[in-house]
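These numbers come from a predicted model, not from an experiment. Order of the sequence lines sets the chain letters (A, B, ...), proteins ahead of strands, with each chain counted from 1.
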2 protein chains.
Amino acid sequence: MSDVARVAGVSIKSVSRVINDELPVSAKLREKVKSAIATLDYIPNPAARSLAGTRTFVLGILFDNPSPHYTIKIQKGAYKACVETGYHLRIDHIDSALGKDFLIDQLSALLRHSRTDGFVLTPPLTDNRLVLDHLDRSGLPYIRIAPVIDHGRSPEVRIDDTAAAATAAQFLWDKGHRRFGLINGPAAHGAAANRRRGFLERIDQLAPGATVMESNGDFSFASGLAAGRDLLATAKPPSAIFAANDDMAAGLMVACAERGLQVPRAISVIGFDDSWIATSVWPYLTTVHQPIEDMAYTAVRQLLSREVDEPSSIELDYHIVERDSVLPIVLPASSA
Amino acid sequence: MSDVARVAGVSIKSVSRVINDELPVSAKLREKVKSAIATLDYIPNPAARSLAGTRTFVLGILFDNPSPHYTIKIQKGAYKACVETGYHLRIDHIDSALGKDFLIDQLSALLRHSRTDGFVLTPPLTDNRLVLDHLDRSGLPYIRIAPVIDHGRSPEVRIDDTAAAATAAQFLWDKGHRRFGLINGPAAHGAAANRRRGFLERIDQLAPGATVMESNGDFSFASGLAAGRDLLATAKPPSAIFAANDDMAAGLMVACAERGLQVPRAISVIGFDDSWIATSVWPYLTTVHQPIEDMAYTAVRQLLSREVDEPSSIELDYHIVERDSVLPIVLPASSA
DNA sequence: TTGTACGCGTTATCAA
DNA sequence: TTGATAACGCGTACAA
C-alpha cells in the first residue's frame, strides 16, 4: 500500500480511503490512486485489514444436513456474491439431530472460533429458535434463507412456498386432473407445511370439499417411495400427485412403476425444487423451480450491504418447469 | 496472548512457541502456558498470525464441475480435517470447459487473490497439465485426489481404480454372469480409462477372448440412459452391465425398464462411487464404494503435515457395497 | 479534503 | 532454553 501511495504521490491514508470508499475524497485523488493500484497490480492484505479494522472479510454459511443438490446450489450462489465483493466464504455444518445441548455446544464453538462478519442460515436452521436466540445474543448480523417462523426478526430471502404450491395445484387442475395425491415433507421443515397449505387451499377453492389423499415423508427418496406405495394402494388412486420435493417425487415414480402405472400416461407427478434429481429420473420430472442459487446470492449481497436497520424481506420468483411427468387427461363426463 | 503470558508468568514469545509447537520449550513451561490458555479460554487471532508469520491458515479446494454428491463428500472430509487442525477451508470452482485461456485467467486470479497455504485438486483438474504447471510455477504446495497422469509430480491420494473395476468384474463373474456390458466414462477423465482397463483385463483373464459390449457415456444420467438403450438394442443383450459411475448406472436402469427388463431379475447392474443416487433408484444400486470423504480428509492432513520432500502417494481401500441390483444367474449348460 | 501517529496481535530476529 | 524488540500492512483517531 505504501508503494501505491508513493506512485500516486499521496498519503497512505488516502489510498486506504479510496479502497474503502470512504467519503471525503476528491475525484482527482481517487483517479490517481486507482491508476496506481492498477499499474502496481496491488491487492490489499485481508489479514492486515482485519487486524487493524473491525471487519474480517469472511462470511459464514450454516448448513444442517440438507441434500447435496441444495447445498451445492446455495454454495454456488453465495460464492459468486462473495467473489464480487471481495469476501471469503466459510462453510459450516451443524447437526441439529444430535440434541439441543450438543447443538448449543457446536454453535458456541463455531461463533467463538470463526471470526466472521455475518452468517447465512439455511433451512431447517432458519426456523430453529435455539439457533436464532444464540445468534441474536452474539450480536453478529445474519440473514435467513426461506424462513417460516418469526418473520421480521432478521433479514430474509425467500419464495412464497404457499403460492408456489398453489400454482402446482392449479397447473394440475388446468391439465384436467381431479383426483389428487399429496406427499408432504417433514413436520420440522416449515416450508413443507406451507407447501401443503398452498396446495390444499387451492384445490379447495377450485373444487370445494374435494378430498386430497395425503401421505407423509421426510424429503428423502425412501420416504417418497413408501408414501407412494401408500397412496397407490387404494381402489381408486389419484391421477396426479404433488410431492413436496423432488427426491420424494423420484421415490414416488418408482412406486408407480412397481404398480405398473406408467408416468405420465397413467399417473402424473409433479415435484418441487427443480434439483439435480429432476433430470436423473425418467421421464424427466415436471417440478416447481426454486431459485436456490439466486436466493443465496441475494442473501449474501443483502447481508453485506451496510446493514439496514429494519430487517428486510426479499421475495424471489418461482416457476413451473414443464418436463415430461405431467400429462393432461380427458375429463370423464362425471367429473365436477 | 499477552494475558496468557501474564497469567502463566512467562514471556509472550514463549506462549507463541507453545502454540506453534516450536522446539526449544521445556515441559514445565509448556504446561504452565497450556493451563493459562485453558483458564483464559484463549483463541489465537488468525489475522494477526498470518500478518506476522508466513502461514495464512487457509486451505483451498479446487473443483471443476463434478457432481454435487462428489463435491459434498469431498467437502465434508476436507472440512473435518481442517477443523481438527485449526485451518479454514476455501472452496473454489473453476470451469475448464471455458477454454484454455480463460482457465489460465481464472487460475491466476485465484492464486493472486486467495492467500492460501496450499491447494487440494479434485478430478478432472488433477489431470490437467495446464493447471499443474501453473501451480508448480506458483510454488504453492498442493495435493491431488485420484490423479492418473504424472505420478510422482506431487503428493496424491487415490484408490486403485483399475483393481476396483477388476473386482467388479470378478464379482459379476462369481455370480455366474458370462455376457457383460460396459458403460464408460468420459475420455478426459483418467479414472474412467482405468476402470475400463481393469474391467476388460479381468474378464479377459477369466474368459480369454470373451467380448464385452461397450458403450460410452460422460458420467451423466442422460448419457447412461443413451448408452443403456444402445447396449440393450441387440438380439442378445448382456446379463450384467458395469457402469463406470452411479449416475450412468441410474440411467441404465431406466433403459432396462423401458425394454421391460427387470433389474435385477432380467439384468444385473453394478455402478461405481456409491454416491447419493445409489439409494435414490429402485432397486438400490450395488456399486463399488469409493472412500471419497476419507480421501479428502487424508489429502488435507497430508498436505498440512509439514511438507515432506518426496511426493507421497497414499492409496485407500475400496469395496463393493452389495445392494439389490445384482442377482446370481444359473449357468446355462452351454456357457464357458 | 488530506495527512500523521499509533496500535491491532502475532511471529521473526537476535541477544541473553 | 528463554526473553526483548522490531516488524507485518492496514484502519482509527485526530490534527491540519
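- Ring-centre distance between B/His69 and A/His69: below the 6.0 Å cut-off.
- For C/dG3, the base has a donor-acceptor partner in the side chain of A/Arg17 [N/O atoms by modelled type, under 3.5 angstrom].
- As rounded to whole Å, 14 Å separates atom P of C/dG9 from atom CG of B/Leu40.
- Between the P atom of C/dT10 and the CZ atom of B/Arg55 lies a distance of 13 Å, rounded to the nearest Å.
- Between B/Lys13 atom NZ and C/dG9 atom P there is a gap of 18 Å when expressed in whole angstrom units.
- The interatomic distance linking B/Ile43 (CD1) with C/dT10 (C1') rounds to 15 Å, in whole Å.
- The side chain of B/Ser16 places no N or O atom within less than 4.0 Å of a non-bridging phosphate oxygen (OP1 or OP2) of C/dT10.
- The nearest whole Å value for the distance from the CD1 atom in A/Ile19 to the P atom in D/dG11 is 6 Å.
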Residues 32-47 of chain A side chain polar contacts: donor-acceptor under 3.5 Å, at least two apart:
from: A/Ser35; atom 1: OG; to: A/Lys32; atom 2: O; distance (Å): 3.1
from: A/Thr39; atom 1: OG1; to: A/Ser35; atom 2: O; distance (Å): 3.3
from: A/Thr39; atom 1: OG1; to: A/Ala36; atom 2: O; distance (Å): 3.0
from: A/Asp41; atom 1: OD1; to: B/Arg112; atom 2: NH1; distance (Å): 2.7
from: A/Asp41; atom 1: OD2; to: B/Arg112; atom 2: NH1; distance (Å): 2.7
from: A/Asn45; atom 1: OD1; to: A/Ala47; atom 2: N; distance (Å): 2.8
from: A/Asn45; atom 1: OD1; to: A/Ala48; atom 2: N; distance (Å): 3.3

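- Toward the 5′ end of DNA chain D lies the nearest nucleotide of B/Ser14, the other residue of the pair B/Ser14 and A/Ser2 mapping further downstream.
- Across all strands shown, B/Tyr42 has heavy atoms under 4.0 Å from sugar-phosphate atoms exclusively, and none from any base.
- Heavy atoms of B/Pro44 sit under 4.0 angstrom from primed sugar atoms or phosphate atoms, though from no base atom.
- The distance from atom CG of A/Asp3 to atom P of D/dG9 is 9 Å, rounded to the nearest whole Å.
- In this model, no donor atom of one side chain and acceptor atom of the other lie less than 3.5 Å apart for B/Ser313 and B/His151.
- Defined by atom type and a distance below 3.5 Å, a donor-acceptor pair is present between the side-chain atoms of B/Asn20 and B/Arg55.
- Atom CZ in A/Arg49 sits about 15 Å away from atom P in D/dG9, given to the nearest Å.
- For A/Thr56 (side chain) and A/Ser50 (main-chain N/O), no donor-acceptor pair under 3.5 Å exists by modelled atom type.
- In this structure, B/Ser11 and B/Ala48 both approach DNA chain D, and ranking their closest nucleotides by distance from the 5' end singles out B/Ser11.
- If you check D/dG11, D/dC8, C/dG3 against the side chain of A/Asn20, the one that comes closest is D/dG11.
- What separates CD1 of B/Ile12 from C1' of C/dT13 is a distance of 15 Å, to the nearest Å.
- Side-chain proximity of B/Ala52 to D/dA4, D/dG11, D/dA7: nearest is D/dA7.
- In this structure, B/Asn45 does not reach the C/dC8 phosphate: none of its side-chain N or O atoms is under 4.0 Å from OP1 or OP2.
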